[in-house]
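Below is one structure; the comments refer to it alone.
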Number of protein chains: 2
Amino acid sequence: MNPVNLKRLAQELNLSIATVSRALQDSYEVSPQTKERVRALAAELDYRPNEYASSLRRNISKTIGVVIPEVNNHFFSLAINGIEEVARQNDYHVLIYLTHEDFEREVAITQYLTGGRVDGLLMSVASGSQEFGHLQKLHASKPAIVFFDRVCDALQTAHVTTNDYESGYQATRHLLEAGCRHVAHLLVSGNLSIGRMRMQGYQAALQEAGLPFDDTLVLSGEGDDDHNTALIANLLRARPEIDGVFASVERLAISTYLACQTLNLTIPADLKVIGFSNLGVAALLNPALTTITQPAYEIGREAATILLRAIEKKRPILPTQSVVLKSELFPRRSTARE
Amino acid sequence: MNPVNLKRLAQELNLSIATVSRALQDSYEVSPQTKERVRALAAELDYRPNEYASSLRRNISKTIGVVIPEVNNHFFSLAINGIEEVARQNDYHVLIYLTHEDFEREVAITQYLTGGRVDGLLMSVASGSQEFGHLQKLHASKPAIVFFDRVCDALQTAHVTTNDYESGYQATRHLLEAGCRHVAHLLVSGNLSIGRMRMQGYQAALQEAGLPFDDTLVLSGEGDDDHNTALIANLLRARPEIDGVFASVERLAISTYLACQTLNLTIPADLKVIGFSNLGVAALLNPALTTITQPAYEIGREAATILLRAIEKKRPILPTQSVVLKSELFPRRSTARE
DNA sequence: CTGTTAGCGCCTTCAT
DNA sequence: ATGAAGGCGCTAACAG
């Protein structure tokens with residue numbers, strides 16, 4: 001059984017390969033009758049073009065890559081959901097790579113990607129990344145890049161983010177208004193743009209309330225969950241005056257909850273907690289956890305849309321195309337998927 | 001600036017393209033000195049092979065596809081985590097496709113994949129899929145397929161599953177031993193293998209306890225979360241004798257919880273609930289939710305390992321290579337990622 | 001050990 | 001409206 005390719009179709013129809021190719025692309029310079037004949041046989045034999053050949057020839061892969069820290073996280077899951085949606089609508093394929101917050105892996109992956117495998121890239125940088133030579137090299141090599149959530153400012157391209165400064169400010173104010181006077185702040189990494197923005201919001205709210213900024217109340221939780229939980233427990237034990245916690249990511253909010261369990265602290269009676277979270281259900285299951293939810297699905301859609309549009313138009317992406325979406329305070333539900 | 005390809009390297013080194021190619025593949029029939037010269041220049045120019053050309057020529061793409069219902073779900077997220085891990089270790093790329101439990105999409109995706117874009121496929125079928133002609137056609141066309149969790153028996157290949165019958169039995173027994181006499185069962189779809197197995201375990205436990213199987217206590221929740229929650233609330237309202245619920249998937253367990261809230265029922269005082277869940281944190285955040293956790297990460301690793309091994313050896317996958325892993329009852333944590 | 005040659009399947013001038 | 005021919009970048013068989 002011969003493989004079903006253009007050659008085979010051409011032979012069976014007594015046409016040239018070129019004509020068959022054109023017919024399948026619905027070229028205007030092929031007669032309607034011929035088109036019909038070609039299409040009929042293609043359907044009958046279930047012809048599928050070899051996309052690798054096409055990619056090689058046209059230097060376009062119809063594939064985008066998604067590079068994120070992890071997928072086991074509602075924010076990124078929902079974002080992928082949005083990305084995949086847009087990709088499929090435009091007949092693009094989605095390759096996925098996980099950095100696990102590890103700089104080395106991120107570098108390895110970007111190298112892996114230099115070489116035309118993808119037409120574009122959607123990326124949220126790892127918390128350990130401080131240096132961006134690998135991204136610059138990649139960007140120079142070809143693919144368009146759009147950052148979402150965790151941004152890299154060193155590249156001349158668009159970002160899709162949320163109003164992190166404002167959210168940090170509002171979250172902190174929420175605690176202050178509830179009567180807190182010693183608010184701790186938990187963040188993943190001071191390297192990350194989102195961490196910095198949220199922290200600035202936190203500082204602004206404190207300042208506005210006439211409270212001092214105490215950097216010993218700021219904790220950076222970069223390890224695994226158990227480690228972070230222990231760190232938080234230590235902090236709470238050492239500083240009993242802490243009456244509020246603003247967790248800048250979901251996992252730290254949960255670790256805070258667990259730390260409170262071990263210390264027999266009740267939320268929100270003993271300690272008020274507010275945290276970023278896209279795990280809508282967790283908030284529902286435990287109303288004591290106050291949350292800020294990012295529109296993750298929309299972020300994914302938005303980022304993918306900008307990327308694909310730029311690819312199709314073969315135009316570089318400009319920073320001016322960046323988009324800032326709004327997070328939702330105290331949401332009742334996680335973002336729906338469609 | 002010329003593109004950096006084999007031709008370019010060959011010219012600059014006064015070698016033939018073939019020799020350069022061989023040198024980069026560390027072929028034994030190239031002198032060490034030449035290899036070194038080639039490697040040095042390749043590194044200097046940051047040469048990256050064009051993988052599409054290579055794929056075209058060798059008819060191997062070093063890419064696998066993952067087709068799953070959704071990613072915004074801890075089970076699948078963790079599975080992807082495991083899959084990506086194994087793939088990267090073996091220098092494979094991972095394409096991802098979401099069916100959203102929709103049969104039509106599943107068919108469209110499989111057609112999309114017929115044509116050599118992937119060497120293999122990892123798949124968990126959509127709940128709406130009852131007919132598997134699309135999968136058989138795909139399988140016949142080329143790529144190796146391994147099913148995980150939601151299996152398709154119609155294909156002659158391996159599955160990676162968990163001990164669903166046993167888990168269903170144990171979950172139901174857990175409720176019976178806690179004194180329940182009217183245990184409802186919630187499942188996604190009677191079409192799915194996992195649904196059937198878990199239900200059989202449920203029935204076996206009832207039978208063993210001398211209780212009748214009442215199919216009006218079995219609810220199939222195929223809609224969205226709000227819809228399911230309403231269905232469950234209706235059931236609980238109409239049948240106040242229900243004192244236990246066995247939810248066969250996480251989302252239904254959560255919907256049960258929400259339904260109880262609207263009815264002012266307390267778990268576990270008024271109603272005992274046990275559910276499959278990979279959302280370890282949710283269970284931690286609400287200890288009233290008793291859970292069964294599948295080793296999702298290991299399932300992903302296992303499935304990917306079987307698939308890649310078969311691809312590398314160019315051997316068909318046999319049903320005898322199937323693996324059954326064990327779910328964990330009442331776990332303290334979700335499966336770690338590494 | 002190295003080079004020459006012939007494609008993989010597809011697209012795209014250029015010619016008719 | 002159709003065909004012939006060349007080449008995308010790489011690999012593999014065959015020479016030497």
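In what follows, chains carry the letters A, B, and so on, assigned in the order in which the sequence lines appear, proteins first and then strands, with residues in each chain numbered from 1. Computed from a predicted model, the values in this text were never measured in an experiment.
Judged by distance alone, with hydrogens and angles left aside, B:Arg48 brings no side-chain donor or acceptor close enough to the base of D:dG9 to form a pair under 3.5 Å. No hydrogens or angles were tested; on distance alone, a donor-acceptor pair under 3.5 Å links the side chain of A:Arg22 to the base of D:dG3.
With rounding to whole Å, A:Lys7 atom NZ is found 15 Å from C:dA6 atom P. Computed from coordinates, the B:Lys62 NZ to D:dC10 P distance equals 17 Å when rounded to whole Å. Separating the CD atom of B:Glu29 from the C1' atom of C:dG3 is a distance of 12 Å, rounded to the nearest angstrom. Rounded to a whole Å, the CG atom of A:Leu56 is 12 Å from the P atom of C:dG9. A:Tyr52 has its OH atom 15 Å from the C1' atom of C:dC10, to the nearest Å. Regarding A:Arg117, its CZ atom lies at a distance of 21 Å from the P atom of D:dC8, rounded to whole Å. Between A:Leu24 atom CG and C:dG9 atom C1' the separation is 13 Å, expressed in whole Å. Following rounding to the nearest Å, B:Leu6 (CG) and C:dC8 (P) show an atom-to-atom distance of 19 Å.
Put simply, A:Asn50 has no side-chain N or O that comes within less than 4.0 Å of OP1 or OP2 on C:dG9. Here B:Thr34 reaches the OP1 or OP2 of C:dT2: one of its side-chain N or O atoms lies under 4.0 Å away. Checking the phosphate oxygens (OP1, OP2) of C:dC10, a side-chain nitrogen or oxygen of A:Tyr47 falls inside 4.0 Å.
In this structure a side-chain-to-backbone donor-acceptor pair under 3.5 Å is missing from B:Glu84 to A:Tyr97.
In this structure, B:His139 has its ring center no closer than 6.0 Å to that of B:Phe132.
Between A:Thr110 atom OG1 and A:Ile145 atom CD1 the span is 8.5 Å, to the nearest 0.5 Å. Taking CD1 from B:Ile299 and OG from B:Ser124, the interatomic distance works out to 8.5 Å, rounded to the nearest 0.5 Å.
Residues from residues 14-21 of chain B placing a heavy atom under 4.0 Å of any atom in DNA chain C, listed by number, are B:Asn14, B:Leu15, B:Ser16, B:Ala18, B:Thr19.
In this structure B:Glu104 satisfies the side chain to side chain donor-acceptor pair (under 3.5 Å) test with no other residue, sequence neighbours excluded.
Take the nearest nucleotide of DNA chain C for B:Ser31 and for B:Arg58: the residue whose nucleotide is more 5' is B:Ser31.
Salt bridge B:Lys62/B:Asp119: absent, no basic N to carboxylate O contact under 4.0 Å.
Within the cation-pi definition used here (under 6.0 Å to the ring centroid, within 45° of the axis), A:Arg117 qualifies as a partner of B:Tyr52.
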